[in-house]
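Structure, as structure tokens:
Please read these numbers as outputs of a predicted model, since none were measured by experiment.
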Amino acid sequence: MAGRFQNAIITVINVILAIILIIILARPGQKAKEIEVSIATIEDVSSLPYWVAYDMGIFEKNGIKFKPNEVSRPLDELENTLKGTLYASFGIDYTFSIFKNAGDLKILRVLYYSKDNGDGLVVKDTSINLKSLNGKRIGYYDNTRYNVLLDETLKKVGDTAVDLIGLTLDEMESALDNGRVDAIYATEPILSYLEKKGYRVVKRNLLFSPDIPVIQGMGISSAVNVSLRREAINRIRKSIKEAIDYINSNPEEAKKILNKHLGLSLNKLPKFVIPEDIGDFQKFNQYLISNELVPYSTIKVEDILSEK
């Protein structure tokens with residue numbers, strides 16, 4: 001009898017201890033056990049979700065630990081992410097990815113992307129227009145492959161031989177002001193930013209019609225990472241989702257974070273999308289192919305949201 005009573009007491013104590021343990025583990029704000037990762041960030045508008053997640057402590061809250069690695073231009077970041085040397089990269093331009101992989105993006109995994117509508121050619125010298133570009137120097141964002149798209153487009157305009165010069169975002173204004181370039185090609189929201197600064201847009205929708213969702217920078221991982229580092233990638237995804245939710249709820253604060261990192265005071269931000277389907281990619285790809293802006297008959301994106 002005494003033995004059964006003693007066992008009952010032990011059972012009750014174990015139940016109480018289990019309840020206490022569950023409460024402790026489930027406490028709001030409980031910090032997740034850290035996973036150390038290696039990631040890279042390009043200094044681009046599309047890296048804003050990364051900066052928000054970093055500055056607001058979202059990565060830390062979700063147990064993601066890393067040493068910041070920010071670069072002005074992508075060198076090996078895309079390749080190292082696809083190989084799995086890097087867990088993820090942020091701010092990788094979509095057109096850059098297309099040409100780097102010859103149109104085959106099957107091992108790339110998209111965590112989020114930014115998009116906007118509209119592009120144009122910006123000048124300081126108001127005597128320059130689309131018909132007087134022959135021999136001129138046109139700047140473009142060096143982290144993209146807009147130079148290839150521009151070259152194909154300008155060939156169709158006529159006898160328009162131009163020098164295409166890659167620039168970082170913070171070089172664009174000075175390049176126009178000091179005469180390093182005669183014009184700059186830009187997509188939104190940089191186009192509106194330059195226009196607000198007093199430069200003139202001489203041609204809108206030069207490459208893209210206004211109804212096309214121009215996919216710009218992305219946060220990416222790879223098939224290797226989502227298969228072998230699932231927990232880490234899931235935590236990165238969770239952090240990015242929380243960051244994008246913050247951007248959508250607090251756009252003015254998000255603009256301040258962007259200005260802190262890039263020195264750009266944008267009127268509006270591009271739309272940041274966590275993709276649920278590949279519709280935007282298919283539409284953008286079809287536009288590039290049908291307008292002969294890329295030398296590919298297909299751009300393979302069927303697997304970019306796969307968990308394998």
Side-chain angles (χ1 to χ4, degrees), residues 37-47 49-50 69 71-116 119 140-153 164 166 187 207-208 212-229 233 236-237 240 270 272-308:
V37 304
S38 56
I39 60 180
T41 313
I42 313 303
E43 294 171 349
D44 181 68
V45 175
S46 64
S47 292
Y50 161 84
N69 176 22
V71 298
S72 60
R73 292 183 173 93
L75 297 173
D76 300 322
E77 283 71 24
L78 174 61
E79 182 180 349
N80 286 339
T81 304
L82 297 182
K83 289 190 304 186
T85 307
L86 292 171
Y87 285 55
S89 290
F90 302 95
I92 299 289
D93 180 73
Y94 183 57
T95 59
F96 179 86
S97 301
I98 290 173
F99 282 96
K100 273 287 190 177
N101 292 279
D104 187 353
L105 306 182
K106 63 175 176 289
I107 64 172
L108 183 147
R109 299 292 180 264
V110 177
L111 306 176
Y112 74 87
Y113 61 93
S114 67
K115 68 174 182 177
D116 213 322
D119 67 324
Y140 70 96
Y141 184 34
D142 194 31
N143 291 340
T144 69
R145 286 297 174 265
Y146 291 152
N147 57 322
V148 181
L149 309 187
L150 278 166
D151 192 50
E152 292 301 318
T153 298
L164 295 167
T187 57
L207 295 184
F208 307 112
I212 291 298
V214 181
I215 297 175
Q216 300 165 341
M218 306 179 291
I220 65 165
S221 188
S222 66
V224 172
N225 287 323
V226 300
S227 295
L228 302 181
R229 296 163 169 167
I233 299 305
I236 292 172
R237 280 188 171 131
I240 290 301
F272 295 98
V273 181
I274 296 176
E276 296 180 358
D277 58 60
I278 58 174
D280 278 346
F281 293 92
Q282 290 173 320
K283 188 172 183 179
F284 189 45
N285 293 344
Q286 185 54 43
Y287 184 87
L288 294 174
I289 292 167
S290 63
N291 285 275
E292 300 180 335
L293 297 177
V294 293
Y296 314 118
S297 58
T298 59
I299 300 173
K300 298 177 182 178
V301 294
E302 292 79 12
D303 297 321
I304 61 174
L305 303 184
S306 172
E307 291 298 319
K308 296 179 181 179

Just verifying a value: how many Å separate R145 CZ and F99 CZ, rounded to the nearest 0.5 Å? 8.5 Å

Distance col, row L288:CG vs E152:CD, nearest 0.5 angstrom, shows 11.5 Å

Answer yes or no: is there a donor N or O on one side and an acceptor on the other, between the side chain of T298 and the main chain of K300, under 3.5 Å? no

Minimum heavy-atom separation for K115 and P213, please, with both atom names. CD-CB, 4.0 Å

What's the separation between atom CZ in R109 and atom CG in D303, rounded to the nearest 0.5 Å? 5.5 Å

Taking NZ, NE, NH1 and NH2 as the nitrogens, is one of them in E307 or R237 under 4.0 Å from a carboxylate oxygen of the other? yes

Any donor and acceptor pair, going by atom type alone, linking the side chain of S227 with main-chain N or O of V224 inside 3.5 Å? no

Counting N and O atoms only, with roles assigned by atom type, does the side chain of N225 sit under 3.5 Å from a partner on the main chain of I220, one being a donor and the other an acceptor? no

Mark yes or no for whether N101, through its side chain, and L108, through its backbone, hold a donor-acceptor pair below 3.5 Å. no

Test item: S221 side-chain N/O and V110 main-chain N/O as donor-acceptor pair under 3.5 Å: no

Heavy-atom pair of closest approach, residues Y141 and E43: OH-O, 3.5 Å

Name of the residue among D280, N285, I278 meeting side chain to side chain contact (heavy atoms under 4.5 Å, CB included) with Q282: I278

Closest contact, heavy atoms only, N143 versus S72: ND2-O, 3.0 Å

Determine yes or no for a side-chain-to-main-chain donor-acceptor pair under 3.5 angstrom, with D104 supplying the side chain and K106 the backbone. yes

Interatomic spacing from CG in D93 to NZ in K100 - rounded to 0.5 Å: 12.5 Å

Judged by atom type as modelled, is there a donor-acceptor pair below 3.5 Å linking the side chain of D151 to the main-chain atoms of N147? no

If the plane angle is over 60° it's perpendicular, under 30° parallel, otherwise tilted; pick one for F90 and Y112. parallel

Between atom CG of D44 and atom CZ of R73, what is the distance when rounded to the nearest 0.5 Å? 12.5 Å

Nearest heavy-atom pair of E77 and A40: which atoms, and what distance? CG-CB, 3.6 Å

Donor-acceptor pair, S114 side chain versus P270 backbone, under 3.5 Å? no

For residues I289 and I299, determine if any side-chain heavy atom of one lies less than 4.5 Å from a side-chain heavy atom of the other. yes

Which atom pair, heavy atoms only, marks the closest approach of A88 to L111? CB-CD1, 4.1 Å

CG/L82 to CG/L105 distance, rounded to the nearest 0.5 angstrom? 8.5 Å

Once the angle between the rings of Y146 and F208 is folded into 0 to 90°, is it parallel (under 30°), tilted (30 to 60°) or perpendicular (over 60°)? perpendicular

Between S89 and T81, does any side-chain donor sit less than 3.5 Å from a side-chain acceptor? yes

Y113 vs F272, ring-ring contact (aromatic ring centres under 6.0 Å, His included): CA-CA, chis, key distance, verdict: CA-CA 6 Å; Y113 61 93; F272 295 98; 9.7 Å; no

Within the 4.5 Å heavy-atom criterion, are S38 and N69 side-chain neighbours or not? no

Counting C-beta onward and ignoring hydrogens, is there a side-chain heavy-atom pair between R229 and Y87 closer than 4.5 Å? yes

Expected output: side-chain T153 to main-chain L207 donor-acceptor under 3.5 Å: no

Provide the closest heavy-atom pair for S47 versus I42 in the form atom of the first, atom of the second, distance. OG-O, 2.6 Å

